[in-house]
Amino acid sequence: RLTLEAATIETGDIAWFTAPTPGGPNSLGVLGFLDPPDVDVARGFFEEPFQVTLSSEVPGARIAYTLDGRRPTLEVGAVLEDAGGGPPSGSLSVDTTTTLRAAVFHDGWEPSRVVTHTYLFLEDVVHQPSLPEGLPEVWDGASQAAIAADYEMDPEIVDDPAYAADLLEGLRDIPTLSLVLDPEDLFGAEDGLYVHSQQRGETWERPVSAELILPDGSTGFHEDCGVRIHGYGWRAHANTLKHSMRLEFKAKYGKKKLDYPLFPDAPPGVDRFDSIVLRSQGSRGWQDFRDPEQA
């Protein structure tokens with residue numbers, strides 16, 4: 001026997017219920033759904049500092065944004081609002097590689113989806129330090145021996161005159177895929193995917209924003225999805241410091257499939273994907289601990 005509970009809910013207007021409540025009264029609901037903020041500088045490659053402006057047309061709304069990969073909320077990140085209750089807007093300076101994430105919030109309304117824009121300064125990328133501030137010095141995931149973390153591009157290549165002149169141009173010869181997620185989800189001591197690289201299954205999948213930036217700086221796609229470590233023998237840090245990853249497209253993150261012609265030479269119709277493997281080619285590159293000179 002199913003027992004139903006009745007209740008009167010005053011919304012003050014037409015409301016949408018965002019979650020089902022079988023057997024119980026509806027929740028308060030929301031008055032509508034907010035569009036994401038306008039960002040006047042799109043993701044891409046940059047060489048000079050610039051200003052980027054965030055804005056919304058909704059009076060009384062607030063814009064929350066982060067620059068460290070975390071999903072913005074009114075409690076996480078910085079908040080822009082108009083003191084007089086008008087539409088919010090604000091600008092910030094960008095002078096180095098930056099991941100901007102922003103969303104719009106308003107009392108009684110469903111928050112907007114989070115938009116992500118990665119601004120790449122390639123000169124900074126190639127000279128990224130071996131230990132950036134805030135990241136762990138050691139990767140010591142479960143059932144693995146601790147190993148020194150390594151985040152930099154190899155200075156023997158970056159600073160070699162034989163390669164340095166062509167390096168920045170080479171980084172734009174193929175598309176760039178930017179994966180933006182909470183640093184704790186990737187490098188956290190307790191449950192960071194990369195630190196605990198040998199852990200498997202859906203419990204070791206994390207939400208991520210994926211942006212494909214084409215060589216000319218334009219956007220191929222921007223989608224929210226899940227990410228896991230991929231592979232078998234190359235999961236251990238002792239075998240390689242560069243692990244493969246897998247993107248999973250599911251409704252709980254965004255679209256159920258990636259609709260994009262990711263492989264230009266593929267047969268017609270090969271343009272919808274449930275998963276994408278980002279393969280680091282462990283045994284075919286410099287990272288093969290058994291015979292690295294083969295690279």
Side-chain angles (χ1 to χ4, degrees), residues 43 45-47 49 65-72 76-78 92-101 116-161 163-164 167-168 170-172 176-199 204 206-211 213 227-231 234-245 278-282 285-289 292 295:
R43 62 189 65 83
F45 301 100
F46 299 86
E47 297 178 358
Y65 71 89
T66 63
L67 303 175
D68 60 4
R70 295 179 298 169
R71 288 183 64 86
V76 176
L92 58 145
S93 299
V94 177
D95 59 7
T96 186
T97 293
T98 299
T99 54
L100 171 64
R101 310 192 77 183
T116 304
H117 287 269
T118 298
Y119 304 121
L120 292 167
F121 288 71
L122 294 181
E123 191 69 48
D124 295 343
V125 171
V126 299
H127 291 105
Q128 178 171 296
S130 60
L131 184 60
E133 183 178 357
L135 296 185
E137 298 182 25
V138 172
W139 298 336
D140 55 353
S143 304
Q144 293 196 64
I147 197 164
D150 186 1
Y151 304 95
E152 71 179 343
M153 291 186 66
D154 191 339
E156 293 184 18
I157 302 298
V158 172
D159 299 328
D160 190 324
Y163 306 107
L167 187 57
L168 297 183
L171 287 176
R172 296 184 64 168
T176 294
L177 184 64
S178 174
L179 303 183
V180 181
L181 66 163
D182 190 316
E184 284 296 307
D185 284 345
L186 198 59
F187 295 118
E190 295 298 321
D191 55 7
L193 293 181
Y194 214 86
V195 171
H196 299 278
S197 60
Q198 296 203 95
Q199 303 305 306
W204 288 91
R206 301 289 181 268
V208 65
S209 166
E211 303 164 82
I213 303 174
V227 63
R228 309 181 182 190
I229 299 297
H230 178 82
W234 293 94
R235 284 176 169 264
H237 302 315
N239 290 351
T240 177
L241 296 177
K242 185 178 182 181
H243 301 303
S244 298
M245 297 183 178
L278 310 176
R279 187 178 177 192
S280 68
Q281 297 286 72
W286 59 270
Q287 59 204 8
D288 190 337
F289 66 99

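Residues: numbered from 1 along the sequence shown. Given the structure is predicted, the values throughout are model-derived calculations rather than measurements.
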Test log, rule side chain to side chain contact (heavy atoms under 4.5 Å, CB included), inputs Phe45 and Leu171: CA-CA 11 Å; Phe45 301 100; Leu171 287 176; over 6 Å; no
Test log, rule side chain to side chain contact (heavy atoms under 4.5 Å, CB included), inputs Ile229 and Arg235: CA-CA 8 Å; Ile229 299 297; Arg235 284 176 169 264; 3.8 Å; yes
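- Between the side chains of Ser197 and Gln144, at least one donor N or O sits under 3.5 Å from an acceptor N or O.
- Remark: the Thr97 side chain and the Asp124 side chain contain no N/O donor-acceptor pair separated by less than 3.5 Å.
- Leu100 has its side chain within reach of Leu67: a pair of non-hydrogen atoms, C-beta onward, lies under 4.5 Å apart.
- Looking at Trp204, Phe187, Tyr151 one by one, the single match for ring-ring contact (aromatic ring centres under 6.0 Å, His included) with Tyr194 turns out to be Phe187.
- Between the side chain of Ser244 and the backbone N or O of Gly231, no donor-acceptor pair lies under 3.5 Å.
- The side-chain hydrogen bond (donor to acceptor under 3.5 Å, both in side chains) test with Thr118 singles out one residue from Arg101, Glu211, Arg43, and that residue is Glu211.
- Residues Pro136 and Leu131 share a closest heavy-atom pair of O-CD1, 3.6 Å.
- Closest non-hydrogen pair, Met153 versus Val126, comes out as SD-CA, 3.6 Å.
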Trace of the side chain to side chain contact (heavy atoms under 4.5 Å, CB included) decision for Arg71 with Asp182: CA-CA 7 Å; Arg71 288 183 64 86; Asp182 190 316; over 6 Å; no
Evaluation steps, side chain to side chain contact (heavy atoms under 4.5 Å, CB included), between His230 and Leu278: CA-CA 8 Å; His230 178 82; Leu278 310 176; over 6 Å; no
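- Ring geometry for His243 against His237 counts as tilted: the plane angle lies between 30° and 60°, on a 0 to 90° scale.
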